[in-house]
Every structure is written in C-alpha cells, then in structure tokens.
Amino acid sequence: MALRPTTAKWFELILARDELAVALQCLAATCEVELQAHSDMSAATLLPALRAAVDEYKRLAQRYAQFWPQASSAADQRARAPEEIPTAALKQLRSWAADADPIIDRLQKLARERAELQLAQALLSEQGSGLPDLHLFAQAGPILASRAYLLESAPGELAVPASVLAQNISCGERTYILAVGPADQIAAFDDSLSAHKARRFALPPGLPADREAAHAFTGARIEEIIAESRDLDSKLEELHRRHGMSAALADLSFIGWFVQNVPHLALTEHFAWITGWTSDLAGGRLEAALNRAHLHYLLRFPGAPQGLIRPVMLHNPRWAQPFELFSRLLGMPSASEADPSGLLAFVAPLMFGFMFADVGQGAVLIIAGVALRKRFPATALLIPGGFAATAFGVLFGSVFTSEEILPALWLRPLDRPLALLGVSLALGACVILLGLALDAVQHAWSGRAVQWSATRAGLVLCYVGMICAPLHSRALWAVPIGLGWYLIGSAVRAPASRLIALATAAGESVETLFQLAINTISFVRVGAFALAHAGLGSAVAGIAAAMGSRPSAWLVLAVGNALIIVIEGLVVGIQTTRLVLFEFFVRFLQGSGRAFRPLTTPAAAAELHPSSRTLS
C-alpha cells in the first residue's frame, strides 16, 4: 500500500509508418499506455480519410451486419500503413455485398414468409374457433381483397368500413381478425388496425379448406423454408471465406478504435511518432510487447514536456481498492497529496459498524457484498462494513435486533447513551487528527515542511489541548501556547508585512479552530445513529415479543430486520460518506490530480454487430 500516488512516465516511440497499426495494438494490449500527442506535426490528412472509411463501414453495417460472420479474434500482425487497412477491407466488403445481395434478398423473403406461416399455423391450432373456408378466403380477388390480423390484446371498438366483412376470433388475450372487402376499403382498414399495433399476415394461396390439411400444408412449407434457408446460409459462409470477411471486419473494427482513441498523431511520409504516458516505470513490459511483434522501433523515456499535467496512479492492495471510490468523489489525489484509501479501509468500516451494530444484519451485508460485487463493484464496500457491524454487534450483544442471544461484551447502547456519545466524539477527534497528520505529510512532500512546522503545527497543538481538556484541565495551556506559536510563526514568515500577516493569522486561527470544533462535534451523529439503530431494534424485538403466536413473531422479526437493513443501512452509509468527505478529507485532500487512463484494446466487430438471425 502506497500512501503517495505515483506519477506516470513519459515515453516516446519512433517506428516505421507501416508498423504503426501493429504497434498501437501491442501498446493497447499492455493496458499500461495513455496516448498524448506533443508535436507540431499531425495527421491532418490521415484521420479524415479514416473517419470517412469508418462512416462507410457503419452504413454497410446497417444493411448487412446481421449477415456478417464473427470478426477474427487474432490481430493481423502484417506491417501496413493505417490508411491501407480500411481501403483493402472496404473493397472486400463491397465485393462480398455484390455477391451476397441476391442470397440476402431471398433469405429475407423466406423469413417474412415463414413468419406469416407461423401466424397462420397458430390460427389453425386454436380449438373451437369458427374459421371460415380459408381456401376461399386466401383466393379472394381480384376485386375483393382478404386480410388476416393478429392483435396481442382485445382491440375494443373497431371502425370497420361498411363494405368490409370482419370476423373476430378470440384466443385468450390474443385476437385474430379475418376481413374481406373491396381493395380500397381493406387498405383503409389496414391503416385503422395499424394504430392498434396489429400484425398483418397473408394466408398462402394454396391453403386447403380442411383445417388439419391446412395445418399440415403450412408445416410442410415451413420445413421447406428452413431447408432452403440453410442452403443459402451455407452459400453465405462460402462467400465469407472467399472474400476474407472475418479479417476485413476485424481490420475495420480496429480502424474504428484507431479513430476514436488516437485523435492526434505525429506522422511523416515514412515514420510515426507515438508519445504519451505509461505506468510501466521501468519500461521493460513495453519493450517486451513490441519485441514479441518483431517491430523495428526506438523507445525513449525522456523528461515530460513542460506544460503537461502528469497523470497519477493509485497503488493499493485489493482489499483497499474499493475505498478509492471515496477520494474519487472529490477528484483524483495529485502527486503531492496523500491517497487515503488504505486508511479508509479501517476508518470507514469502523464508523459504519459503530452505527449499524448487529451480528445478524452485518452477516446479511457480507453475503450481499460477496454476491453483488462482481456485477456492481461498489457493493464490495458492504463486505468490510458487514464485518465491522458484526464485530460491534458482538460488543453490543445484538443479533437480528434480539439482545437475549448474546451477552454484551462492552455495553448496551440504550443503557449507557452518554458513554456511547463520548466514544463517538473520541473517534471523531482521532479521525480529524489523522487528517491533520496527512496535511503535515503533504507539506513535507511539497517541500514546505518548515512552513508547516512554523505555523500550522501551532493550530494542531491548540486542537490537541481542546480535545484533551475534558480529561485534564492542564491541557488547556496548550491552546494559548499553540495559538502564540501560530501567530509568531506567521509573522516571522512574512518579514515585509508582519502586522498584516499577524492580523490575517489571528483571523485564520479563530476560523480554523472553530471549524475543527464543529467537525469534532459532527461525530456525535455516529453515537446518535448507534442509539437510533439500537432503538429501532428494540422496537422490532418488542413488537415481535408481543405477538400472540410464534409464526407471527418470526414474521415481524423478518420484516423489521429487512426494513432496518435496507433503510437504515442506506442512511448510515450516507452518513459515513458525509463524515469522510466533509470532516476528514477537508483537512488535507483537494483532488487536483489527473487519473491515468490506459488505452483500451480494440473491440471486435462481432461484439458491435452480433448476428440476430435464427432458424430454430
């Protein structure tokens, strides 16, 4: 665990232009590179051409994506200039589209026919429905037109044209409508039913009059469609192989990633210059990745150019990483600020567990955190919070609001409320002193240790005297001594305007000490919420005990504990966050750093445009 964040290292990579694409894929695969251009040269003509290629790729995807194969997972390691990649890939896609269009048109026609046949089969399968002669119905024409509709819910009153004969067939919640009439009025009926989201389908013209024969007829035709569709799919697969579609789609996916993640790049006619930041401080992993691709390159790690903000990285063990969420709420700690994540791994659960003390409820939080942390990473905070709640539950003797199962190893909150509030104040004072200590460390990191010792150290002494005064009255002497220390030190540090510095320091000292007192008193809420939690638990246990039957008592306990876990758990979590942000972080953390954002790997085209067809 590192208390101080690490800054990323500046790197410069020079290589042949035709090896640029492979190099970028290698760098992205390391997850240790953030690109940042720093050159007067730019790819002013390259990127617009690549964007145009990506736009054409997206237009083709709207028409053909569901018929495309999966992109090849292995990256193409050939040395090619970036502009050559989409040119060749788009040529392959256009050639494929010309050959595939007749097959796709036939597949789509078969899919529509199959969908209509399945609706007709469902209509024929309905028992007890009074169907007309569907053979004659399907043959209506040329003056008359026939329609079949399916509505997923009851249509209510329908405006049926005067010359249209319509028959409703109710099948549970679904309704079929068969209509025959003049062609122009049937077209108007189509528009009327479109407002009801009706699905229109046609009955096959050769449909037999007998229901069973008609059902067999539609089933046989569906089997023919499935067989023909499979043959057409085989032909498409052959076209995929012949035109190299998997590789072409992977190339275009890479170009889309290139345009999105490499907005600026220094290029000449023969060379490319990649610059940015890396978390590989030794440089060995970058060199190994480039060497595996057999690239010819020059990799340097010079000092970072002036004017660029260095990104920072947090180095915390796995158990402390969820607590990085707190500091990121204010912003990323800079290189001269402390990363409090490791300390919060103890402080935040301690406060949460104190306010939410119960063995059973803490165990529920642990189980919830373990079950949800992969899907919702922030819920990993429930695990240490649950352990702390369980530990304080043992100290307070509470198990699912019951105080009869375990003896209290320390105290019962409702029996000794003043002691509980006093401990919460002491906890708050320790947290604030920890924040003041981190402020001193940060001053030392930035070369201002002498300034802190001459001035702010006096205010810390004042605060120590204030919080220790209730224990011993002589501690109050630390207040005037610390105040004089701060005033004299501020005046000495400003020899040109000592009176102004002295007056300013006097005002700042009063304000700072007042804030410290208010911050300390704010921690009374920790004890107050502990008392509220104990009171709610006692109320639930009392109601359960008053129930006449054991099943009713268990039901009350289950519902009461569930409400406490959800509602009070949320409130206590919010209060813990508030105390951390506004009483602890305010003493030292500004969040003025910039987070290191590694270059992501290219997404496969198959992930962007998965096939949606099925023949099942």
Side-chain angles (χ1 to χ4, degrees), residues 1-15 20 22-43 257-258 260-266 272-293 295 297-318 320-344 377 438 441-442 444-447 588-602:
M1 181 178 68
L3 187 61
R4 186 174 186 178
T6 304
T7 57
K9 191 175 184 179
W10 180 260
F11 78 94
E12 296 179 356
L13 176 64
I14 301 175
L15 72 166
L20 173 61
V22 177
L24 286 172
Q25 294 182 68
C26 292
L27 294 177
T30 65
C31 297
E32 295 193 80
V33 165
E34 177 184 342
L35 299 184
Q36 183 169 0
H38 184 70
S39 172
D40 294 334
M41 298 180 293
S42 64
W257 169 87
F258 186 103
Q260 182 178 1
N261 293 277
V262 191
H264 301 288
L265 193 66
W273 185 24
I274 303 174
T275 57
W277 306 93
T278 178
S279 58
D280 179 17
L281 303 183
R285 290 186 291 274
L286 292 188
E287 290 183 354
L290 296 170
N291 289 336
R292 282 194 296 270
L295 299 178
Y297 64 91
L298 174 61
L299 180 62
R300 301 174 58 243
F301 297 94
Q306 294 293 327
L308 297 184
I309 301 176
R310 291 175 175 267
V312 297
M313 302 162 293
L314 306 182
H315 296 284
N316 290 299
R318 188 174 180 180
Q321 288 174 2
F323 293 90
E324 294 177 1
L325 172 67
F326 287 93
S327 57
R328 292 180 187 272
L329 290 175
L330 289 184
M332 190 73 173
S334 67
S336 59
E337 293 180 310
D339 171 22
S341 303
L343 299 174
L344 282 180
L438 292 177
V441 171
Q442 291 180 176
W445 286 344
S446 59
F588 64 95
L589 186 62
Q590 294 181 349
S592 58
R594 181 172 76 84
F596 176 76
R597 297 181 177 86
L599 184 66
T600 57
T601 55

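We number each residue from 1, following the sequence as shown.
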Report task. Kindly indicate, with the supporting measurements, whether the criterion side chain to side chain contact (heavy atoms under 4.5 Å, CB included) is fulfilled by Arg285 and Asp280. Result -> CA-CA 7 Å; Arg285 290 186 291 274; Asp280 179 17; 3.4 Å; yes
Query - Separation of Leu343 CG from Leu438 CG (nearest 0.5 Å) - result: 6.0 Å
Report task. Determine yes or no for a side-chain-to-main-chain donor-acceptor pair under 3.5 angstrom, with Arg310 supplying the side chain and Lys9 the backbone. Result -> no
Report summary line: When rounded to the nearest 0.5 Å, the distance separating CG of Asn261 from CD of Glu34 is 11.0 Å
Query - Test side chain to side chain contact (heavy atoms under 4.5 Å, CB included) applied to Cys26 and Arg292, step by step - result: CA-CA 9 Å; Cys26 292; Arg292 282 194 296 270; over 6 Å; no
Query raised in the report: Are Trp257 and Leu24 side-chain neighbours, meaning at least one heavy-atom pair lies under 4.5 Å?
Result: yes
Query raised in the report: Trp10 versus Trp277: any side-chain heavy-atom pair under 4.5 Å?
Result: yes
Query raised in the report: Just how far is it from atom CG of Asn316 to atom CG of Leu3, taken to the nearest 0.5 Å?
Result: 9.5 Å
Requested in this report: Answer yes or no: are there more than 12 heavy-atom neighbours, outside Leu308 itself, under 6.0 Å from its atom CG?
Outcome: yes
Report summary line: Value for CG (Leu13) from CG (Leu20), rounded to nearest 0.5 Å, stands at 9.0 Å
Requested in this report: Check the pair Glu12 / Arg300 against salt bridge (Lys or Arg N to Asp or Glu O under 4.0 Å), numbers first and verdict last.
Outcome: CA-CA 5 Å; Glu12 296 179 356; Arg300 301 174 58 243; 2.7 Å; yes
Query raised in the report: Under a 4.5 Å cut-off applied to non-hydrogen side-chain atoms, are Pro333 and Leu589 in contact?
Result: yes
Query raised in the report: Considering all heavy atoms of both residues, which atom of Met313 and which atom of Ser279 are nearest to each other, and what is their separation?
Result: SD-CB, 3.0 Å
Report summary line: In short, Trp445 meets Ser336 closest at the heavy-atom pair CE3-O, 3.8 Å
**Report entry** Check against side chain to side chain contact (heavy atoms under 4.5 Å, CB included), Phe301 and Thr278
**Finding:** CA-CA 10 Å; Phe301 297 94; Thr278 178; 4.0 Å; yes
Query raised in the report: Just by distance, with hydrogens left out, do Ser341 and Glu324 show a side-chain donor and acceptor under 3.5 Å apart?
Result: no
Query raised in the report: How many angstroms lie between CG in Leu286 and CG in Asn291, if you round to the nearest 0.5 Å?
Result: 10.5 Å
Query raised in the report: Taking Thr601 for the side chain and Ala29 for the main chain, is one N or O donor matched with an acceptor at less than 3.5 Å?
Result: no
Report task. Count the heavy atoms belonging to other residues, nucleotides or ligands that lie under 6.0 Å from CD of Gln590, then report whether that count exceeds 12. Result -> no
Report task. Could you check if a side-chain atom of Trp273 sits within less than 4.5 angstrom of a side-chain atom of Leu298, using non-hydrogen atoms only? Result -> no
Requested in this report: Check Arg594 against Ile309 and note the closest heavy-atom contact, atom names and distance.
Outcome: NH2-O, 3.1 Å
Query raised in the report: Distance from Leu35 atom CG to Phe11 atom CZ, nearest 0.5 Å?
Result: 6.0 Å
Query raised in the report: Mind checking whether Phe596 and Met332 have side chains closer than 4.5 Å, heavy atoms only?
Result: no
